[in-house]
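All values below were derived from every heavy atom in this structure, side-chain atoms included, with hydrogens, water molecules and symmetry-related copies excluded. Below, read A as the first sequence line, B as the second, and so on, with proteins coming before strands; counting in each chain starts at 1.
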Amino acid sequence: MPELPEVETTVRYLAKNVLGRTFFDVWTDWSKTIKIPKNFQQFKKEIKGRKIKKIWRRGKNILFELSGEKILLIHQKLTGHLLFGKWTRENNTWQAPLGPLSERINSYLHLIFTLDNGQMLALSDVRKFAKVELWDSKKLFDSQGFIKLGPEPLGKSFTFEKFREVLTEKKGKIKQILMNQEVIAGIGNIYSDEILFRAKIHPLKNISELSEKELKRVYQVMRKVLSLAVHLQGESISDYRVPTGKEGGFDKARKVYRRTGERCSRCGTIIKKIKVGGRAAHFCPRCQKYKPIS
DNA sequence: ACTAGCCCCTGGGAGC
DNA sequence: TGCTCCCAGGGGCTAG
């Protein structure tokens, strides 16, 4: 699912390919995706003719800064991902830069923007959880949801001291804290598992039980794993794809996520899966030992 | 102010 | 083969 590395990959691609373009039209077969404004016709009216001036990312949110002080926000949630290309009428398929997509994928395209040069931007989303919002720039930046987002984990100013500060003011299990968008913005289930495996820390371990040394390890490994994943253009174990339709390359670096029953690449122990705060957590019981304080 | 739990969705896999 | 049931999961929301 799209977490920081996948969203970053998408944003980098779009910045190269649609920056400076103008929205010409928009189509949907699932208008519930559009949350602001709720009425699709109004959304259509408001976005048509707006020029894309800047494309960036905040946590897992994609932001298109548009002319007239508007911002188009897209959160891809679980299975959403943006595809760049063109709908061709002749064979009724989506023509991505890498070639046509399968009919199956075509049926997942629920929102399609047409740009002024005829190119299109589609939101593919099997489970229909993604959200799209059109904001007044100032209102978005002043909104609680936006203000509350934690620091960017790969940000230059996000030092270990800052990391320790934001983490240790929270209580609870390390995995849940890493995934809390108000603590750090951009980490989800896959990368929290991958980070904790590499840091050799059990997902259930309480933040208060982490030593300075362990905290430092989590910080360093977090920066490393996320940077590597950006470099590899994210993961595609689920539905995520680069806007060209290509799969991300992080799969070869994935050590524990959805590897239940397989052997740990470090020690050969069978990878286990447990529930942490209602979410699946994958880990190596030997590398990531934990004896809860009773 | 907190948090646990439900809800939104659909495809895929397990079990029968 | 074909049916039913369960699971995956980010985050918004509500009930306690």
Side-chain angles (χ1 to χ4, degrees), chain A residues 1-8 10 28-38 57-63 73-82 101-111 123-133 135 140 143-150 152-153 166 168-196 203-204 206-208 226 229 234-241 248 250-251 254 256-262 271-283:
Chain A
M1 68 224 88
E3 301 179 26
L4 185 151
E6 291 74 35
V7 179
E8 180 66 25
T10 298
T28 190
D29 69 349
W30 192 259
S31 60
K32 277 171 84 175
T33 300
I34 293 125
K35 311 288 183 191
I36 303 175
K38 275 202 181 111
R57 173 190 68 72
R58 180 73 177 93
K60 303 175 191 170
N61 299 282
I62 300 173
L63 304 167
L73 180 152
I74 300 180
H75 193 303
Q76 309 177 104
K77 298 280 180 81
L78 304 175
T79 57
H81 56 280
L82 287 174
L101 298 180
S102 67
E103 266 182 54
R104 188 183 180 71
I105 299 289
N106 286 330
S107 69
Y108 302 154
L109 304 180
H110 296 303
L111 182 67
L123 177 69
S124 172
D125 189 15
V126 188
R127 288 179 211 171
K128 299 174 173 173
F129 281 179
K131 69 166 185 183
V132 171
E133 299 171 341
W135 289 79
L140 173 65
S143 69
Q144 277 305 299
F146 200 83
I147 291 168
K148 277 184 171 171
L149 282 173
E152 285 293 329
V166 297
T168 53
E169 70 188 22
K170 288 279 172 185
K171 281 178 188 161
K173 300 168 185 79
I174 181 67
K175 179 173 167 77
Q176 283 180 286
I177 292 174
L178 283 176
M179 287 173 62
N180 184 339
Q181 303 304 298
E182 294 179 14
V183 178
I184 304 172
I187 298 173
N189 215 23
I190 299 176
Y191 293 103
S192 59
D193 275 3
E194 295 298 319
I195 289 165
L196 291 175
L204 283 177
N206 204 284
I207 186 74
S208 61
L226 294 178
E235 58 70 39
S236 289
I237 187 172
S238 183
D239 303 71
Y240 177 77
R241 296 292 182 274
F250 185 76
D251 208 58
R254 180 173 54 88
V256 286
Y257 181 76
R258 288 203 196 168
R259 288 206 188 280
T260 315
E262 295 181 35
I271 303 293
K272 267 186 80 175
K273 180 170 86 171
I274 55 169
K275 285 261 180 194
V276 180
R279 304 269 182 259
H282 312 75
F283 68 105

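The backbone N or O of A:Pro2 sits nowhere less than 3.5 Å from a side-chain atom of A:Glu235 that would complete a donor-acceptor pair. Side-chain N or O atoms of A:Glu133 include none that pairs as donor or acceptor with a backbone N or O of A:Pro37 at under 3.5 Å.
Between the CD atom of A:Gln76 and the P atom of B:dT10 there is a distance of 19 Å, given to the nearest Å. Protein atom CD of A:Glu182 is 9 Å distant from nucleotide atom P of B:dC2, rounded to whole Å. Atom CE in A:Met1 sits about 11 Å away from atom P in C:dA8, given to the nearest Å. When the P atom of B:dG11 is taken as reference, atom CG of A:Leu78 falls 14 Å away, rounded to whole Å. Atoms CD (A:Glu3) and C1' (C:dG10) sit 10 Å apart, rounded to a whole Å. In this structure, A:Leu178 atom CG and C:dG11 atom C1' are separated by 17 Å, rounded to whole Å. The interatomic distance linking A:Lys148 (NZ) with B:dA1 (P) rounds to 9 Å, in whole Å. In this structure, A:Tyr240 atom OH and C:dA8 atom P are separated by 24 Å, rounded to whole Å.
Positionally, the nearest nucleotide of DNA chain B for A:Gln176 lies more toward the 5' end than for the other of A:Gln176 and A:Lys128.
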message: Assess the residue pair A:Glu3 and A:Tyr240 against the criterion (side-chain hydrogen bond (donor to acceptor under 3.5 Å, both in side chains)); give the C-alpha distance rounded to whole Å, side-chain angles, the decisive distance to 0.1 Å, and a yes or no.
response: CA-CA 10 Å; A:Glu3 301 179 26; A:Tyr240 177 77; over 6 Å; no
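Between the side chain of A:Arg279 and the base of C:dG11, at least one donor-acceptor pair of N or O atoms lies under 3.5 Å. Counting atom types as modelled, A:Arg127 pairs no side-chain N or O with a base atom of B:dG11 as donor and acceptor under 3.5 Å.
Residue A:His75 has no polar side-chain atom (N or O) positioned under 4.0 Å from OP1 or OP2 of C:dG10. Remark: A:Lys60 is in phosphate contact with C:dG11, judged by side-chain N or O atoms under 4.0 Å from OP1 or OP2. Side-chain N/O atoms of A:Lys275 include one lying less than 4.0 angstrom from OP1 or OP2 on C:dA8.
Once rounded to the nearest 0.5 Å, the distance linking OG1 of A:Thr28 with CG of A:Leu109 reads 10.5 Å.
The residue A:Lys273 sits close only to the backbone: its heavy atoms come under 4.0 Å of sugar-phosphate atoms, none of a base. No engagement by A:Lys35 is indicated, since no non-hydrogen atom pair under 4.0 Å with the nucleic acid exists. Residue contacts shown for A:Gln181 are limited to sugar-phosphate atoms, with no base heavy atom under 4.0 Å away.
Comparing B:dT10, C:dA8, C:dG11 by their nearest atom to the side chain of A:Lys77 picks out C:dG11.
When A:Thr260, A:Ile274, A:Leu204, A:Asp193 are each tested for a side-chain contact (heavy atoms from CB on, under 4.5 Å) with A:Phe283, only one passes: A:Ile274.
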